[in-house]
Amino acid sequence: MTKKNKKSSVLKGPRLPAPDTSRHLLGIADLPKARIEFLLDAARALRLSMEAGQVPPLLQGKTIVNLFYENSTRTRMSFEVAVRRLGGSLLNFAAGGSSVQKGETLLDTAKNILALSAHGLVIRHASSGSPGFLARHVSIPVINAGDGFHEHPTQALLDAFTIREKLGALAGKRVLILGDIAHSRVARSNIHLLRKMGAKVAVCGPPTLLPPNVGALKCERAFRPEELLPRADVVMALRIQFERQNFARQVPSKSEYASIWGLSAARGKLLKKDAILLHPGPINRGLEIDPQVADGPHSLVLDQVSNGVAVRMAVLASLVNPDGLHTFLTTKKRSPKDKR
């Protein structure tokens, strides 16, 4: 076979259509602003129902699969709690110890899961685009729980929910994203969401840890935190993605990173009185954030964790049982607590 014929044989076959974004949650980039607002409002209604002990069983009789090819604590446990709070059943899959170790492909694994009559699939994978790939091949909703460098949409939604609950509307708020921007799917999803909602986003970090096309993000940028910290309403510190980079070649040392870009106790004093601090976790204490700041009055890190359950409940219900969620939202009496 000639090289030309070999190339044409690879490309032969029908092109699969793009996934229907109304049936899946693959990223924030293609998610309309109205859909973001709906999910945030639904999350608030569901959180209030949890506080009142009246959670609707919107996933009763439904089975959700956590398909995790990467390690996770907060995201995985949050989805687990969300499924159970809504009355659903859960299947947990981890690549280690599965047939993946014997060479089974992602698609074959997903098809076997479908054969178990699953109703929704939550996937975390090291390869960017994996959730979109599955969404083109399976008949059930796919939720992206983080794919490579690409996106982490539910993290951005819970961050937005946390900001909105503490500071009100996102529009006009100044958000500083600090740290390893280049390798962070959390940063990408947050930039997309915050800009859609009218927030003013700035990024800061070592030049080697900013994306090469940072100008395309349409964000303010700086190489020193002191330039932006005093004006920020929200500071979102990021974890250094050691597993996705060669840190030693991009930053001289951990101590240098901490001294120049870390959120030290001294830099914490530059924050406005009502500014809030977020971090997607896990925190590398003493590197990205000083413990005094991570546990200080500005920190809403644990609020992010608890808010993640309500947000993921909203996402799951909106995709797996949209009619049930609509009925819940339209018949639920507005609580006196539900006032801004």
key: Backbone N/O of Gly27 and side chain of Asn144: donor-acceptor pair under 3.5 Å   =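 Absent.
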query = Between the main-chain N or O of Gly132 and the side-chain N or O of Arg136, is there a donor-acceptor pair closer than 3.5 Å?
reply =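 Indeed, once roles are kept as given, a pair shorter than 3.5 Å links the two residues.
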ask   = CG/Leu46 to CG/Leu325 distance, rounded to the nearest 0.5 angstrom?
value = 6.5 Å
query = From Leu121 CG over to Phe93 CZ, what is the distance, rounded to the nearest 0.5 angstrom?
reply =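 One gets 10.0 Å once the value is rounded to the nearest 0.5 Å.
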task = Kindly check if the number of other-residue, nucleotide or ligand heavy atoms within 6.0 Å of NZ (Lys272) is above 12?
result = yes
ask   = Do Arg285 and Asp295 sit within salt-bridge range, that is, some charged N less than 4.0 Å from a carboxylate O?
value =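 Answer for the salt bridge query: yes.
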inquiry  = Taking Glu80 first and then Arg312, would you say they form a salt bridge - that is, a charged N and a carboxylate O separated by under 4.0 Å?
reply    =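 Salt bridge absent between Glu80 and Arg312.
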query = Should Val311 and Leu39 be marked as a side-chain contact (heavy atoms from CB on, under 4.5 Å) after you check the CA-CA gap, both sets of side-chain angles, and the distance that decides it?
reply = CA-CA 7 Å; Val311 166; Leu39 289 172; over 6 Å; no
So do [Y] and [X] actually touch side chain to side chain, heavy atoms under 4.5 Å?
X      : Y      : answer
Glu288 : Ile240 : yes
Thr63  : Leu90  : no
His152 : Thr75  : yes

message = Minimum heavy-atom separation for Glu151 and Leu26, please, with both atom names.
response = CB-O, 4.4 Å
inquiry  = Give me the atom names and distance for the closest heavy-atom approach of Pro56 to Ser49.
reply    =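 Answer, listing the atom of Pro56 first, then Ser49: CD-OG, 3.8 Å.
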message = Applying the side-chain contact (heavy atoms from CB on, under 4.5 Å) criterion to Cys204, which one of Leu178, Leu210, Ile177 satisfies it?
response =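 Considering Leu178, Leu210, Ile177, a side-chain contact (heavy atoms from CB on, under 4.5 Å) with Cys204 is found only for Leu178.
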query = Can the positive tip of Arg76 be found less than 6.0 Å from the middle of the six-membered ring of Phe68, inside 45° of the ring normal?
reply =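 Yes, Arg76 sits over the ring of Phe68.
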task = State yes or no: do Leu91 and Leu114 share one hydrophobic cluster built from I, L, V, M, F, W and Y residues joined by side-chain heavy-atom distances below 4.5 Å, directly or via other members?
result =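 Hydrophobic grouping puts Leu91 with Leu114.
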query = Is Phe328 linked to Ile64 within one hydrophobic cluster, defined over Ile, Leu, Val, Met, Phe, Trp and Tyr using a side-chain heavy-atom separation of less than 4.5 Å?
reply =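 Yes: a chain of side-chain contacts under 4.5 Å links Phe328 to Ile64.
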